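When a residue number appears, it is its place in the shown sequence, counting from 1. Small disclaimer: the values here were computed from a predicted structure and weren't measured.
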Amino acid sequence: MSGFTILGTSRLGAESACDACGAGATVSFNWRYAQERRSAEDVERINLFAGWKNLRRGRLYRCLTCQAVWHLDGDSECMTHVNDERIKLVLDWNAAPITLPADLVAIVQQIGPTPPDVYGNGRERRVTPCAVETNSGEIFERAMICVQADAPVEDYLQFRLGSEIARIHESAFALPAEVRRASSRAPEMRMGFYPTLIEMPDGRRLVMNGMTSFMIMDGYAAKDAKVANGSYFEENPPPGFIETPKDIVYFIVDGEPGWVPEEPEMAYSSAVRSAPKRRTWLSRLLGR
């Protein structure tokens, strides 16, 4: 787990649409820290927001100056700006619990999730790469079953509701579980560089950077990738980076991710949390 407290995140080079709340440039800020510190600046910022709507988990607020919508997560820790085009999805998510039937859960379990990295990035959700067919007949060859407790507010992810899913299959572009786990265990070697070597059947070596679930490479099947021994920095010539898709769709399903803090690279908890009336991520998926 990281020892740092993230105070906020912003978009580089973006201008605020509101000088008060920072919507448009500010992505999120640490609400809990502001409440606890209670500096004059913190109090001024907190007072900008008025509660608008309680959700199944978390709450929506509006900026009193510009009426921009913000989301406070269920742990009352992080306040995140919600883009106007994302509000409908959040309200649809809030309309009813989202679970998967047992047969689809079994497929998700068989494929296995891509764990968060050793620094805790990605711990807020459990993602499993797959192909999805929706009730309306749409097919997504690069999809994620995304188990998380909070609403789908992050605009850098392309979200759909898990209630749209009719069928789940293995994706031809998904890397094997052991390769994905290796990518999550990679330590940072340089600023933002977390290399993991993989090898293809013809001996060609490639490198993944950080948590990686999918691979698109002409002439190669993702399922054939294997973790390779050695260091990226010792390879001559340096191996090329695998191509990762930008069009991944995250189908959100209710549940606690269930990662065990003591084992971030392999954690796959099926135990009920210590708090009363909390269910495992699996039981939440099944709606039990």
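- Side-chain contact between L206 and M215 is present, with heavy atoms from C-beta onward closer than 4.5 Å.
- Between Y119 and Y194, the ring planes are perpendicular. Angles over 60° get that label, and only those under 30° would be called parallel.
- Transitive grouping of hydrophobic side chains (ILVMFWY, heavy atoms separated by less than 4.5 Å) keeps I242 and I248 in distinct clusters.
- Note that CZ of F241 and CE of M217 are 11.0 Å apart. Values are rounded to the nearest 0.5 Å.
- Between the side chain of N54 and the backbone N or O of L60 there is no donor-acceptor pair closer than 3.5 Å.
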Inset, instruction - Tell me, with the steps shown, if W259 and R126 meet side chain to side chain contact (heavy atoms under 4.5 Å, CB included). - result: CA-CA 8 Å; W259 299 115; R126 173 181 294 265; 3.9 Å; yes

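- No hydrogens or angles considered: a donor-acceptor pair under 3.5 Å links the side chains of S28 and T9.
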Inset, instruction - Begin from the C-alpha positions of L48 and E44 and carry the test side chain to side chain contact (heavy atoms under 4.5 Å, CB included) through to its verdict. - result: CA-CA 7 Å; L48 280 172; E44 181 180 4; 5.6 Å; no

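- Between F159 and F251, the distance from one ring center to the other does not fall under 6.0 angstrom.
- A cation-pi contact, defined as under 6.0 Å to the ring centre and within 45° of the axis, is absent between R62 and W70.
- Across all non-hydrogen atoms, the minimal contact from I165 to V132 is CG1-CG1, 4.0 Å.
- Between the side chain of T212 and the main chain of G210, a donor-acceptor pair closer than 3.5 Å is present.
- Looking at D224, its side chain never comes within 3.5 Å of a backbone N or O of P201 through a donor-acceptor pair.
- Minimum interatomic distance between G162 and V253 (heavy atoms only, all atoms of both residues): CA-CG2, 4.1 Å.
- Ring orientation note: the planes of F193 and F233 are nearly perpendicular, at an angle over 60° on the 30°/60° scale.
- The minimum heavy-atom distance linking G192 with N209 is given by the pair O-ND2, 3.3 Å.
- Judged by distance alone, with hydrogens and angles left aside, the side-chain atoms of D117 form a donor-acceptor pair with the main-chain N or O of G120 at under 3.5 Å.
- By the 4.5 Å heavy-atom criterion applied to side chains, L157 and R125 are counted as neighbours.
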Inset, instruction - Any chance you could lay out the salt bridge (Lys or Arg N to Asp or Glu O under 4.0 Å) test for R32 and D73, step after step, and finish with the verdict? - result: CA-CA 10 Å; R32 176 178 293 172; D73 65 56; over 6 Å; no

Inset, instruction - Take L104 and I145 through the side chain to side chain contact (heavy atoms under 4.5 Å, CB included) test and state the conclusion after the steps. - result: CA-CA 10 Å; L104 296 186; I145 302 304; over 6 Å; no

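- Residues I98 and I252 approach most closely at CG2-O, 3.5 Å, considering heavy atoms.
- Under 3.5 Å, the side chains of Y220 and D202 contain a donor-acceptor pair of N or O atoms.
- Listed for the S184 side chain is a donor-acceptor partner under 3.5 Å among the backbone atoms of R181.
- The cluster map of Ile, Leu, Val, Met, Phe, Trp and Tyr, joined by side-chain heavy atoms under 4.5 Å apart, puts M200 and L175 in the same cluster.
- Follow the hydrophobic side-chain contacts under 4.5 Å out from V82 and you reach W52 in the same cluster.
- There is a path of hydrophobic side-chain contacts, each under 4.5 Å, that joins Y156 to M144.
- Under the 4.5 Å side-chain contact rule for hydrophobic residues, V127 and I216 share a cluster.
- In terms of heavy-atom proximity, S213 sits nearest to T114 at OG-OG1, 2.7 Å.
- Here the side chains of V207 and I198 are not in contact, with every heavy-atom distance at 4.5 Å or above.
- Ionic pairing of R37 and D42 is present here: one or more N-O contacts between side-chain nitrogen and carboxylate oxygen are shorter than 4.0 angstrom.
- When side chains are defined from C-beta on, C66 counts as touching C21, because their heavy atoms get closer than 4.5 Å.
- Nearest approach of G112 to P129, heavy atoms of both residues: O-CD, 3.9 Å.
- Checked options R204, K226, R205; the residue passing with E199 is R205 (criterion: side-chain hydrogen bond (donor to acceptor under 3.5 Å, both in side chains)).
- At distances below 3.5 Å, at least one donor-acceptor pair connects side-chain atoms of N135 with backbone N or O atoms of S163.
- Side-chain atoms of I87 and L91, non-hydrogen and from C-beta on, do get closer than 4.5 Å to each other.
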Inset, instruction - Could you go through the salt bridge (Lys or Arg N to Asp or Glu O under 4.0 Å) check for R56 and D254 one step at a time? - result: CA-CA 10 Å; R56 294 193 286 119; D254 291 351; 2.7 Å; yes

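- Using bins of under 30°, 30° to 60° and over 60° for the plane-to-plane angle, the ring pair Y61/F49 lands in the perpendicular bin.
- Relative to the ring axis of F29, R45 places its NZ or CZ within 45° and under 6.0 Å from the centre.
- For the pair R142 and F214, the NZ or CZ position fails the cation-pi test of under 6.0 Å to the six-membered ring centre and within 45 degrees of the ring normal.
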Inset, instruction - Would you sort out whether R57 and D150 count as a salt bridge (Lys or Arg N to Asp or Glu O under 4.0 Å), showing the intermediate values? - result: CA-CA 6 Å; R57 177 177 163 89; D150 280 299; 3.2 Å; yes

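- When atom types are taken as modelled, the side chain of R180 and the backbone of P113 share a donor-acceptor pair closer than 3.5 angstrom.
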Legend entry - side chain to side chain contact (heavy atoms under 4.5 Å, CB included) evaluation trace for V27 with R11: CA-CA 7 Å; V27 175; R11 292 183 175 87; 3.7 Å; yes

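- You'll find the side chain of M189 reaches within 4.5 Å of the side chain of P195, heavy atoms only.
- Taken to the nearest 0.5 Å, the CZ atom of R59 stands 9.0 Å off from the CH2 atom of W31.
- Y232 has its side chain within reach of P238: a pair of non-hydrogen atoms, C-beta onward, lies under 4.5 Å apart.
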Legend entry - salt bridge (Lys or Arg N to Asp or Glu O under 4.0 Å) between R160 and E138, worked out: CA-CA 12 Å; R160 298 280 290 261; E138 295 175 278; 2.6 Å; yes

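- In this structure, the side chains of V108 and I168 come closer than 4.5 Å at one or more pairs of heavy atoms.
- Distance check, rounded to the nearest 0.5 Å: CG of L72 to SG of C78 gives 8.5 Å.
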